[in-house]
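First the structure, in the form of structure tokens, and then the observations on it.
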Amino acid sequence: MSTYPQAPREPPAAYHNGGSDFEKNPAYEKDESPLGSGHGGEYDVQTGETNQLHRSLKGRHMQMIAIGGAIGAGLFVGAGSALEKGGPASLVLSFIIVGFFLLLTMQALAELAVLYPVNGAFFIYICRFIETSWGFACGWDYAISWLTVLPFEITAAGLTISFWPVGANVNIGVWITVFLVALSVIQIFGVRGYGEVEFVLSLIKILACTGFIILGIIIDCGGVPTDNRGYIGGRYWHAPYSAFKNGFHGFCANFVNAAFAFGGTELVGLAAAEAANPLKAIPTATKQVFWRICFFYIINLLLIGLIVPANSDALLGATGANTKASPFVLAIEAAGIRGLPSVFNVVITISVISVANSCTFGSTRTIQALAGQGMAPKFMAYIDKHGRPLYCVILQIAFGFLAFANEATTGGGVFFNWLLALSGLAYFFIWGSICLAHIRFRAGWKAQGRTLDEIPYRAPFGVAGSVVGCIIACLCLMATFYYSLFPIGGSPNASDFFQNYLTALVIIVLYVGWKIWIRDATFFIRAKDMDLVTGLRTNLAELQEERLRLNVDRGWKSLPMRIVHGFV
């Protein structure tokens, strides 16, 4: 039987983190936002054994996390690998497809997070609206991916320092220690520390991306005196170059790179429980995803494909944080601009630290939520009086010490390749499951006699958008399977396949293992049996009135502006 029986229509109870059952918890807390309850002032948040996660993330934090939080080495360096494999057209198209998939996912997640601002966010939604074991598998896979990415990001931050001769002369273990200590200090300040650091670092990344767009246009138009190529235009999209290098094979190779570059955007939903006013902050932040996808990713990558040839030998090392192979750095160096490559290397270093900071937030909050549902050791649910999931933070920092594997004289690189294999496909499974959870939630909402007017914030693309999201997730998994089975320039082999597709095996093992552990033979939660009450906002009537006041005209004449307001 499902662990989420049909709940009676009564005031909702918050989660109790002491075990796996949903128990009454009278500890309601009012939001102190000056907007008042009409703007989402009253809601329930999952509590720890003795304390609650603090609601310290403001609107500016949420927007910066959405706009620039996930911009990191995946874009600044990993895009070079995608360009080398698939060419400029494949690079842009793959990022557009995955970016549209992410946009649909974030809109669905915003609807759920506003209605149910509970700790654990999408992991809880998957458990409640799809199936418990699948939620367990997705939750742990997401946590594992962040746990294993942290040592990689810390190592990457150390490698960026080797861009300068002075930094290259210092043992990388020194830089690993420095960055690990810095991340530990940030955790002392809890979610507010995470929010403030991300705000500053994201602002720097946004300025860098904006500056590169201006510079890229100038380079492509031949406006740099030191660039002997003159006017470039679309030269690298035509013979003797190729817009679709390696054909369909190269196109399929780019989806994992795109997902890795976009990964982390869903942290906006994970932060729902720690937002001061989620009804206002979460939809606003998720709408910014549209502009980040278009402006900071697509335009930048389009310019990279115009001014950097896909057959450049320097792109062969565009993995991890090898900033010397970054297409952004290569574009600046090819134009003969002195000093600026070092400046952009600083930006890449900051970006890597930012992603490492996100690792600590993503894994700790997910594991704390898993423990609260009895899906992880109970002590992991503990939250101290400062709102920090203390033991989860200690676990994440402990994983950071794996970065010192780089000190090994042999096998260090192979170790990290397999470590990263644990997070390769995670985003396709997570994002697809969020879309499916939204579809199932709407089915349950309708089956239990509720109307759409009761939902404070509705995804602009509705259920149809989530259906498209699920389809794209399946297509991306199929494309990656094809590329993993038949690697470019090689024959099928187990090592390449599992380094790309190990995540799928991990999720299957987690899913089947948890089903056996809890002796659960069900495969989905029926719409009429879904728990739509626990964690639900208590002031839906007020929110409904507020939504109606803000959306008086819902006719065809206002449709264009409503579409615009769906993104801004």
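Only heavy atoms go into these numbers, but all of them, side chains included; no hydrogens, no water, no symmetry mates.
With Thr160 contributing its side chain and Ala157 its backbone, the two residues share a donor-acceptor pair below 3.5 Å. Remark: the backbone N or O of Leu390 is not paired with any side-chain donor or acceptor of Tyr382 at under 3.5 angstrom. Judged purely by atom type and a 3.5 angstrom limit, Tyr511 has no side-chain atom pairing as donor or acceptor with the backbone of Val506. Under a 3.5 Å cut-off, the side chain of Asp520 and the backbone N or O of Ile516 do not form any donor-acceptor pair. A donor-acceptor pair is defined here as one N or O able to donate and one able to accept, closer than 3.5 Å; no such pair exists between the side chain of Ser81 and the backbone of Gly78.
Taking both residues in full, the closest heavy atoms of Ile525 and Cys127 are given as CD1-O, 3.3 Å, listed atom of the first, atom of the second, then distance. Residue Ala381 comes nearest to Gly372 through the heavy atom pair CB-N, 4.0 Å, listed as atom of the first residue, atom of the second, then distance. For the pair Arg442 and Gly462, the tightest heavy-atom approach, listed with the atom from each and the gap, is NH2-CA, 4.4 Å. Looking at every heavy atom in both residues, Ser351 comes nearest to Phe76 through OG-CE1, 3.1 Å. Closest non-hydrogen pair, Thr480 versus Val256, comes out as CG2-CG2, 3.4 Å. Summarising the geometry of Gln368 relative to Pro389, their closest heavy-atom pair is CG-CB, 3.8 Å, with the distance given to 0.1 Å.
Here the OG-CG distance, from Ser466 to Leu104, works out to 7.0 Å after rounding to the nearest 0.5 Å. Taken from OH in Tyr501 to CG in Asp496, the straight-line distance is 15.0 Å, to the nearest 0.5 Å. For the atom pair CZ (Phe497) and CG (Leu485), the distance works out to 6.0 Å, reported to the nearest 0.5 Å. The CG atom of Leu505 sits 11.5 Å away from the CG atom of Leu425 when rounded to the nearest 0.5 Å. Rounding to the nearest 0.5 angstrom, the gap separating the CG atom in Leu395 from the OG atom in Ser363 is 7.0 Å. Atom CD1 of Ile206 is separated from atom CZ of Phe295 by 10.0 Å, given to the nearest 0.5 angstrom.
Side-chain N/O atoms of Thr366 and Trp146 include no donor and acceptor closer than 3.5 Å. The closest side-chain donor-acceptor pair between Glu111 and Tyr116, if any, does not fall under 3.5 angstrom.
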Dump the intermediate steps for side chain to side chain contact (heavy atoms under 4.5 Å, CB included) on Phe123 and Cys138, then the final yes or no. CA-CA 7 Å; Phe123 145 67; Cys138 289; over 6 Å; no
Apply salt bridge (charged side-chain N to carboxylate O under 4.0 Å, His left out) to residues Glu131 and Lys515 and explain how you reach the verdict. CA-CA 10 Å; Glu131 201 268 326; Lys515 272 200 168 296; 2.8 Å; yes
Stepwise, does the side chain to side chain contact (heavy atoms under 4.5 Å, CB included) test hold for Ile154 with Leu183? CA-CA 9 Å; Ile154 294 175; Leu183 290 172; 4.0 Å; yes
Show your working on side chain to side chain contact (heavy atoms under 4.5 Å, CB included) between Leu201 and Val197 and close with a plain yes or no. CA-CA 6 Å; Leu201 299 185; Val197 170; 3.6 Å; yes
Would Phe404 and Thr177 count as a side chain to side chain contact (heavy atoms under 4.5 Å, CB included) here? Give the steps. CA-CA 9 Å; Phe404 287 104; Thr177 303; 3.4 Å; yes
Let's go through Phe260 and Tyr427 carefully: what are the C-alpha distance in whole Å and the side-chain angles of both, what is the deciding distance for ring pair (Phe, Tyr, Trp, His ring centres under 6.0 Å) to 0.1 Å, and is it a yes or a no? CA-CA 8 Å; Phe260 192 78; Tyr427 296 114; 7.0 Å; no
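Ring centroids of Phe95 and Phe262 are separated by less than 6.0 Å, placing the two rings close together. When ring centroids are compared, Phe429 and Tyr142 stay outside the 6.0 Å threshold.
Taking the side chain as every heavy atom from C-beta outward, Leu159 and Trp175 never approach each other to under 4.5 Å. You'll find the side chain of Phe129 reaches within 4.5 Å of the side chain of Met530, heavy atoms only. In this structure the side chain of Ile130 never reaches within 4.5 angstrom of the side chain of Phe524, judged on heavy atoms. Contact of the Leu75 side chain with the Leu301 side chain is registered, since non-hydrogen atoms from C-beta on lie closer than 4.5 Å. Looking only at side-chain heavy atoms (C-beta outward), Ile124 and Gln373 come within less than 4.5 Å of each other. Inter-residue side-chain proximity for Ile367 and Tyr391 is flagged as unmet; no heavy-atom pair is nearer than 4.5 Å. A heavy-atom distance below 4.5 Å is not found between the side chains of Met106 and Ile434. Taking the side chain as every heavy atom from C-beta outward, Trp514 and Trp140 never approach each other to under 4.5 Å.
With respect to Pro151, the side chain to side chain contact (heavy atoms under 4.5 Å, CB included) criterion is satisfied by exactly one of Leu402, Leu180, Ile176: Leu402.
Counting heavy atoms of neighbouring residues, nucleotides and ligands inside a 6.0 Å radius, atom OH of Tyr482 exceeds 12 of them.
In this structure, Phe101 and Phe428 have parallel ring planes: the angle between them is below the 30° cut-off, well short of the 60° mark.
Both tests do not hold together for Lys205 against Phe296: distance to the six-membered ring centre under 6.0 Å, angle to the ring axis within 45°.
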